[in-house]
Protein chains: 2
Amino acid sequence: MGRPASLSRASIIAAAALLVREQGVAALTARRLGEALGCDPTAVYRHFATMADLEREVGDRFLRAVDVRPRAGEGWRATTRRICVTLRRVQLRQPRLAALISAAPTRLANEMRITEALLRELARGGCSYTHAAASYHALIELAVGSAAIDAPIAAQPAAVRRRLYGEWRREYAKLPFARFPASVATSDQLYRGSAGDRFEAALDLLLDGIESRCSTR
Amino acid sequence: MGRPASLSRASIIAAAALLVREQGVAALTARRLGEALGCDPTAVYRHFATMADLEREVGDRFLRAVDVRPRAGEGWRATTRRICVTLRRVQLRQPRLAALISAAPTRLANEMRITEALLRELARGGCSYTHAAASYHALIELAVGSAAIDAPIAAQPAAVRRRLYGEWRREYAKLPFARFPASVATSDQLYRGSAGDRFEAALDLLLDGIESRCSTR
DNA sequence: TCAGTTTGTCAACAGTGTTGACAAACTGGC
DNA sequence: GCCAGTTTGTCAACACTGTTGACAAACTGA
């Protein structure tokens, strides 16, 4: 009953995801989306209460790209690590979406799928329920938080990023030694490699801590 | 020379910080700031190139509250932990500021001060330069990332937060067991305690990992 | 005194999300 | 077949946002 819908939640989400993929998350506005859909911008409000609601759905849609199936012969730690690395990489592509998704659990399809996979792997590693939950929260905070932090810089081209990291290192090196001895001494090692490398190093440290409190080691 | 300034960078930052403290970061707009200062909104642009520039300064100003001095008899790990917990708590109060500050190192006064303190404590713990840098990045990603994630919920009153956490736990418990066995089994332990508790647990796991790779343990 | 500079004011532009009135287009009941 | 009711897209408008360029006030150095 009622006027036949030319739009649907699914078609709007698809168009929004395409828009984000092609023009970045800043392009996801009611007016541009209306243009992409060939309809009035406010038509979207017939299917989503607010633009933020739509953004949540688009964010979860991007999480489809996270493959959580353990590979043959892959231990729990390797699988967990891979899921976290992929999760961060996906979140990283869309700065504001990462912040939105992570603000509260969306409890949408893909988020649940990833949660289940991480808890499953932690159980496989011999974590107690309590430790699995704590470890899950720790992994998510690090992976999603890291994405939220690194996203703005990840949006720059690789050459620009490397130049920036170099500049920062030099700035730490040039600090007055009297007040910043540790910074000067360490400056050479700060912001080394890519943000992804630094995240993986952090993840490995965290996984060390998690593993050390598991029963089966 | 020139018309005498009734405004200054410092007075604007102070007014902006007050605005944020009293009405939240969403209130930090050119027009509201102008109203608070008793001047035209665009006068701010004589002292800051963009509103984002001003926000960075306000963000760094909040970091003044982080006390990095080691207390008597406090080991490197305890000091490091305390700095991270405080840093997160300060960042947490102002959602968007956290995101802005963390997007790129501001290299403003207080950020440098905190960096120096963390590197100093890690050195005290016997970390090599390489390990200290990696650990520093890991700690910052976790602390600031966690703040960015938790900030929207932290803005709610405590009672609302507890209710939300309870609702989420129940939602995980009600998932179909066939597809979400681990989530259902762990549901009772998810979102337990406050977000601060969960962060501190994550921090302890990370510190375990960091410590295990230090020379002096 | 007068030119030059700084600094605040004002109007305006191009955006943003969102709302409420309206109309088109369908379905179920008579 | 027609009419009421419902859904759904359109349109104008509101209240915001950051930011710019022209202008004027108020000072300093020559």
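Keep in mind that the numbers below use all heavy atoms, side chains included, and drop hydrogens, waters and symmetry copies. Throughout, a chain's letter reflects where its sequence line sits, starting with A, and its residues are numbered from 1.
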### Task
Say whether, by atom type as modelled, one donor and one acceptor occur between the side chain of A:R161 and the main chain of A:A154 under 3.5 angstrom.
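At least one qualifying donor-acceptor pair exists.
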### Task
Go through the steps for A:S146 and B:E141 under the test side chain to side chain contact (heavy atoms under 4.5 Å, CB included), then give the verdict.
CA-CA 5 Å; A:S146 162; B:E141 298 233 329; 2.7 Å; yes
What is the distance, to the nearest angstrom, from the [atom1] atom on [X] to the [atom2] atom on [N]?
X     : N      : atom1 : atom2 : value
B:L33 : D:dC16 : CG    : C1'   : 16 Å
A:E35 : D:dG9  : CD    : C1'   : 17 Å
A:Q23 : C:dG15 : CD    : C1'   : 15 Å

### Query
Which part of the nucleic acid, if any, lies within contact of B:T42, taking any heavy atom under 4.0 Å across all strands shown: a base, the sugar-phosphate backbone alone, or nothing?
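The answer is base, as B:T42 lies within the cut-off (heavy atoms under 4.0 Å) of a base atom.
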Looking only at the side chain of [X] (C-beta and beyond, no hydrogens), which of the listed nucleotides [options] gets closest?
X     : options                : result
B:D40 : D:dG18, C:dT16, C:dC10 : C:dC10
A:T29 : C:dT19, D:dG18, C:dT16 : C:dT16
B:Y45 : D:dG18, C:dT9, D:dT10  : D:dG18
B:R46 : D:dT10, C:dT18, C:dT7  : C:dT7

### Message
Distance to the ring centre below 6.0 angstrom and angle to the axis at most 45 degrees; does that hold for A:R21 and A:F62?
### Response
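The answer is no, since A:R21 fails at least one limit relative to A:F62.
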### Message
Can you tell me how the ring of B:H137 sits relative to the ring of A:Y191, calling it parallel under 30°, perpendicular over 60° and tilted otherwise?
### Response
perpendicular
### Query
Under 4.0 Å: is that the gap between some side-chain N or O of A:H47 and OP1 or OP2 of D:dG9?
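Answer is yes, contact under 4.0 Å.
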### Message
Is there a side-chain contact between B:S6 and the phosphate of C:dG8, meaning an N or O under 4.0 Å from OP1 or OP2?
### Response
yes
### Query
Quick one: the side chain of A:R31 and the base of C:dG15, do they pair up donor-acceptor inside 3.5 Å?
no
